[in-house]
Amino acid sequence: MLVALLFGILANVIPFIPVDIFSFFLLFAGGLFAGTLGALLGLGGGIILIPFLTLVMGLPMHQAIATSITAVIATSTAGAAMNIQRKTVNIKLGMVLETTTVAGAIAGGFTATLLSGEILTRIFGILLVVVAAFMGWRSRFHSSAPSAAKGAISGTYVDEITGNTMEYTVQHLPAVMAVSLLAGNISGLLGVGGGIFKVPAMNLLSRIPLKAAAATSNFMIGVTAAASAFIYFAHGYVNPGVTSSAILGVLTGSFIGVWLSSKIRTRVLTWIFIGVLLFVAFQLFTR
Amino acid sequence: MTASTNTHRAERWISRILRGGIVVSSFCMVTGLLLLAFRPDSTAASNLMVTGLLLLMLTPFLRVTATVVAFMLERDWKFFAVALLVLLMLIGEIVYAFL
């Protein structure tokens, strides 16, 4: 019934622009590229998809963000379905952090509807530079080991590669909740997942093993993204044809990326990507 | 029933919801796009794609709802309250966005 109700409202909200076959393939290819590279580099893919949609496809910034945030739900959902079975997701921790990411995402989503596409593009350019710096730092960062100190929430999982049972307790919960608020806000405002900020925070501040941190972050991202996706939907920024094409590409790409990541070394790729990010940021600023 | 088997059941359910959401919504989007390729002015194509996108957007809500129910069954009231807060924020925001 809820679906029927929403559907009735949405049918009036969404402008339907048909997608020709050529655009479909282009959008699918762009999504495929973003999904594959995103999974290889440990990013959601939104950071690649948005520049593609604006610079290559010529989509207005708000529509690009709306498309990306919906694609982020898809990749998170597909990843979380697998991670829950592997027991790497800490649902309790995810829910606690979700209280701040969702609040941040809602604020970010509403803020985005008030800002012009031009301003959002500039802010997105800044985000690209920040992410490039983060990736450079991450490539040489050593993940911290679990702490034995008593924490607010505990977790345990079996590492598939080593076969060891990993036990951990969550340290400095308020600090990670604050980072999550910021990550949620960026997610809602710019249509990206925000995992690149949450995962290092969970690992370094809370001393959560990297696998559990990444899985929990991925689990949260779908919920965070859904929070702002409805705001973009309600404002008519989601074009069904464009979004469907891109999502199918991103989903397929993320499976390819996961499969490829066990076969190729991503170190050189990371540095090439940092260069590309800075170049794209420059393009966005000088547009 | 112990708390741990309840947790496992909840995890299985959440995993199923996620998988089902992805499969059904992708199916709707693929069918919609195929229909669009053959009949460019079809409203059915658009409706199918919108349904797919909506189902995809609703999966996270089901995921949070399942978590709320799971914590309730476990009588873990602290986390029940946390999950409920997240769910209420999401519902409140949707209602506000569309009104």
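A quick note: this is a predicted structure, and the numbers were derived from the prediction, not measured. Computed over heavy atoms, backbone and side chain alike; hydrogens, waters and symmetry mates excluded. First the proteins, then the strands, lettered A, B, ... as listed; each starts at 1.
- With chain A as partner, the option from B:Met29, B:Lys78, B:Glu93 having the largest number of non-hydrogen pairs under 4.5 angstrom is B:Glu93.
- For A:Phe110, the part sitting under 4.5 Å from any heavy atom of chain B is the side chain, from C-beta outward, and nothing else.
- Ring geometry, A:Phe230 versus B:Phe98: the interplanar angle exceeds 60°, so the pair is classed perpendicular (tilted spans 30 to 60°).
- Between the side chains of A:Asn90 and A:Tyr157, no donor N or O sits under 3.5 Å from an acceptor N or O.
- Because its NZ or CZ atom is both nearer than 6.0 Å to the ring centre of A:Phe219 and within 45° of the ring axis, B:Arg63 counts as a cation-pi partner of that residue.
- Contacts of A:Ala103 with chain B are made by both backbone and side-chain atoms, with heavy-atom separations under 4.5 Å.
- Checked by atom type, the side-chain pair A:Gln171/A:Thr169 shows a donor-acceptor distance below 3.5 Å.
- B:Thr67 touches chain A through its side chain: at least one heavy atom from C-beta onward sits under 4.5 Å away, while N, CA, C and O do not.
- Relative orientation of the A:Phe24 and A:Phe28 rings is tilted, given thresholds of 30° and 60° on the angle between their planes.
- Proximity to chain B (any heavy atom under 4.5 Å) is restricted, for A:Leu248, to the side chain, taken from C-beta onward.
- For the options A:Lys92, A:Glu98, A:Met82, A:Gln85, heavy-atom pairs under 4.5 Å to chain B are most numerous at A:Lys92.
- When the candidates A:Ala74, A:Gly94, A:Ala229 are compared by the number of heavy-atom contacts under 4.5 Å with chain B, A:Ala74 comes out ahead.
- Judged as a salt bridge (Lys or Arg N to Asp or Glu O under 4.0 Å), and not counting sequence neighbours, the contacts of A:Arg86 are A:Glu160.
- Distance check: A:Thr36 OG1 to A:Trp259 CH2 gives 11.0 Å after rounding to the nearest 0.5 Å.
- Between chain B and the residues A:Ala227, A:Ala225, A:Ala226, the most heavy-atom pairs under 4.5 angstrom are made by A:Ala227.
- Interface residue A:Ile153: only side-chain heavy atoms are found under 4.5 Å from chain B.
- Distance check, rounded to the nearest 0.5 Å: OG1 of A:Thr100 to CE of B:Met89 gives 8.0 Å.
- The contact between B:Leu85 and chain A is made entirely by side chain atoms (from C-beta outward), counting heavy-atom distances below 4.5 Å.
- Of the atoms belonging to B:Val30, heavy atoms from both backbone and side chain fall under 4.5 Å from chain A.
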